[in-house]
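I have placed the structure first, in the form of structure tokens, so that the comments after it can refer back to it.
We count ligands from 1, going down the list as the structure has it; atoms in each ligand are counted the same way. All of these numbers come straight from a predicted model, not from anything done at the bench.
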Amino acid sequence: MLRQLRLSKFSTHHLKVTSLILILFSACSPQETLSPEERVQAQAAFESCLICHSAQEMQRGPIVDGLPAWYAKHQLEKFQSGIRGQVPKNRSEHLMGSARDRFVDPETINLLSRYIESLPPKNHRKVVRGDSEKGKLAYVSCITCHGTNGEGNTLLKSPPLNIQEDWYLLDQLRKFAKGARGYHSDDFTGQQMAAALNGLDDQTLKDLIAHIQTFQR
Ligand code: HEC
Ligand code: HEC
């Protein structure tokens, strides 16, 4: 009886360990690379995004190069379904919403997302000023979801914070804080993030970004 109990304990433990390894493995395994044909197709599709997503002067949106495919896909789906980007007075978000006719079918969304992930992240100038020591203290509450070094967490659908420009991340924090992102009743991950800010003031948001800058190249 005791032996049996021990055995079953062992197997549940064993099962837990195995599933954990499997989860970790699937979370870490690299995205399949694009075939040469897919790359050509993706480049052509991404061309229409560059009017807003390049480092050119005309840029009106963030540089998305190097974002993980799962996150890019998740956001493109939100813009496609109207969970993000359909409120005209939310100007930058609405601008991206107005581009949703460029990624209508799931195949295009998949292709674009995998292509975005394959692009090397770009260096950028840091423009936000804040107290990174204070930011480090405030960042403790972000670690569970975004990781100690802003590496993100695929299982929690929390994006990495070590890739994008600081002005964009600050802009998004401000949006979450004032209810201009994560406002849609079907935007579950957006709502989680908005709740995590829990009334932080604007100076703290800048301090947080000053700390997040230290994760970036
Ligand atoms: C008319 C300008 C415009 C075009 C065209 C456009 N975008 Fe955007 N995009 C934006 C803006 C502005 C934002 C930031 C939205 C915000 O501030 O909430 C954005 C946000 C995004 C995000 C979310 C980034 C994040 O961190 O959440 C992704 C992904 C994205 N765009 C991909 C694309 C792709 C792929 C295309 C082409 C199929 C495209 N965009 C076309 C302006 C544009
Ligand atoms: C409960 C988990 C959770 C916590 C805690 C959390 N976040 Fe997030 N965060 C998310 C999720 C999920 C998203 C993606 C939201 C979406 O899908 O639109 C996100 C998005 C963001 C974004 C937008 C990134 C982009 O590319 O648009 C920033 C910036 C951010 N979080 C910073 C923070 C900071 C700073 C803290 C701590 C004060 C924090 N988060 C705490 C889960 C969390």
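- The option from H146, R181, Q164, Q75 that lies nearest to atom 27 (O) of ligand 2, judged by heavy atoms, is R181.
- Protein heavy atom at the shortest distance from atom 5 (C) of ligand 2 is S141 O, 3.4 Å.
- Minimum interatomic distance between A45 and S48 (heavy atoms only, all atoms of both residues): O-OG, 3.1 Å.
- Protein heavy atom in closest approach to atom 13 (C) of ligand 1: P62 CD, 3.5 Å.
- Protein heavy atom nearest atom 23 (C) of ligand 1, with residue, atom name and distance: R84 NH1, 4.0 Å.
- The closest heavy-atom contact to atom 14 (C) of ligand 2, among the options P160, P159, G182, comes from P159.
- Counting the atoms of ligand 1 from 1 in the order shown, those under 4.0 Å from a heavy atom of S48 are 5 (C).
- Remark: ligand 1 atoms within the under-4.0 Å shell around heavy atoms of L95 are 1 (C), 2 (C).
- Once rounded to the nearest 0.5 Å, the distance linking CG of L112 with CD of E107 reads 11.5 Å.
- Shown in contact with G61 at under 4.0 Å from a heavy atom are these atoms of ligand 1, numbered in order with element: 11 (C), 12 (C).
- Annotation for ligand 1: atoms under 4.0 Å from non-hydrogen atoms of L112 are 38 (C).
- Listed here is the closest heavy atom pair of Q80 and V104: NE2-CA, 3.7 Å.
- Nearest heavy atom pair, residue L197 against residue A177, reads CD1-N, 3.8 Å.
- When each atom of ligand 2 is checked for a heavy atom of T189 under 4.0 Å away, the hits are 12 (C), 15 (C), 16 (C), 17 (O).
- Counting protein heavy atoms only, atom 37 (C) of ligand 1 is closest to C49 SG, 1.9 Å.
- Looking from atom 31 (N) of ligand 1 to the surrounding protein, the closest heavy atom is H53 NE2, 2.8 Å.
- Of the options K78, Q75, K157, a side-chain hydrogen bond (donor to acceptor under 3.5 Å, both in side chains) to T189 is made by K78 and by none of the others.
- Of all atoms in ligand 1, listed by their number and element, those nearer than 4.0 Å to a heavy atom of F103 are 38 (C).
- Less than 4.0 angstrom separates some heavy atom of L161 from each of these atoms of ligand 2: 28 (C), 29 (C), 30 (C), 32 (C).
- For the residue pair D207/T204, the side-chain donor-acceptor check at 3.5 Å is not satisfied.
- For a threshold of 3.5 Å applied to N or O pairs, the pair formed by K175 and ligand 1 contains at least one separation below that value.
- In this structure, V87 and H94 approach most closely via the heavy-atom pair O-CB, 3.7 Å.
- Neither the backbone nor the side chain of T144 comes within contact range of ligand 2; no heavy atom lies under 4.0 Å.
- Set against the non-hydrogen atoms of K78, the atoms of ligand 2 under 4.0 Å away are 16 (C), 17 (O), 18 (O).
- A side-chain donor-acceptor contact under 3.5 Å links H146 to the backbone of P159.
- Closest heavy-atom approach to atom 4 (C) of ligand 2 among the candidates G190, C145, G152, G150: C145.
- For atom 42 (C) of ligand 2, the closest non-hydrogen atom on the protein side is S158 OG, 3.4 Å.
- Of the options A196, A72, C142, A194, the smallest heavy-atom separation from atom 35 (C) of ligand 2 is shown by C142.
- Neither the backbone nor the side chain of N90 comes within contact range of ligand 1; no heavy atom lies under 4.0 Å.
- Considering only non-hydrogen protein atoms, atom 22 (C) of ligand 2 sits nearest to F176 CE1, 3.9 Å.
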Query raised in the report: Please walk me through it: do L34 and L111 pass side chain to side chain contact (heavy atoms under 4.5 Å, CB included)?
Result: CA-CA 8 Å; L34 294 158; L111 190 69; 4.0 Å; yes

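- Here the protein heavy atom with the shortest distance to atom 12 (C) of ligand 1 is S92 O, 3.2 Å.
- For L67, no heavy-atom contact with ligand 2 is shorter than 4.0 Å.
- Using a cut-off of 4.0 Å between Lys/Arg side-chain N and Asp/Glu carboxylate O, K122 and D65 are scored as salt-bridged.
- Under a 3.5 Å cut-off, the side chain of D166 and the backbone N or O of V127 do form a donor-acceptor pair.
- Summarising the geometry of D171 relative to S92, their closest heavy-atom pair is OD2-OG, 4.2 Å, with the distance given to 0.1 Å.
- Near R102, the atoms of ligand 1 lying under 4.0 angstrom from a non-hydrogen atom of the residue are 5 (C), 38 (C).
- Close contacts between ligand 1 and C52 involve ligand atoms 1 (C), 2 (C), 3 (C), 4 (C), 5 (C), 42 (C), 43 (C) [criterion: under 4.0 Å to a heavy atom].
- Side-chain N or O atoms of E151 include one that pairs as donor or acceptor with a backbone N or O of N149 at under 3.5 Å.
- Remark: ligand 2 atoms within the under-4.0 Å shell around heavy atoms of K157 are 11 (C), 12 (C), 14 (C).
- Pairing each heavy atom of H211 with each of K136, the nearest pair is CE1-CG, 3.5 Å.
- Protein heavy atom closest to atom 24 (C) of ligand 1, with residue, atom name and distance, is Y168 OH, 3.6 Å.
- Listed by atom number, the atoms of ligand 1 under 4.0 Å from A99 heavy atoms are 4 (C), 5 (C), 6 (C), 41 (C).
- Y115 OH to T108 OG1: the interatomic distance, rounded to the nearest 0.5 Å, is 15.0 Å.
- Remark: minimum distance from atom 10 (C) of ligand 1 to any protein heavy atom is reached at M96 CB, 3.4 Å.
- Open room surrounds NZ on K73; 12 or fewer heavy atoms of other groups in view lie less than 6.0 Å from it.
- Given atom 28 (C) of ligand 1, the protein heavy atom at minimum distance is V64 CG1, 3.9 Å.
- Side chain of Q216 to backbone of Q164: a donor-acceptor contact under 3.5 angstrom is found.
- A heavy-atom distance below 4.5 Å is found between the side chains of F46 and I116.
- Taking 2.8 Å as the criterion, M193 counts as a coordinating residue of atom 8 (Fe) of ligand 2, since one of its N, O or S atoms falls below it.
- The side chain of Y71, and not its backbone, has at least one atom closer than 4.0 Å to an atom of ligand 2 (non-hydrogen atoms only; side chain from C-beta on).
- Residue R181 forms a side-chain contact (heavy atoms from CB on, under 4.5 Å) with just one option from Q191, R174, R84, and that option is R84.
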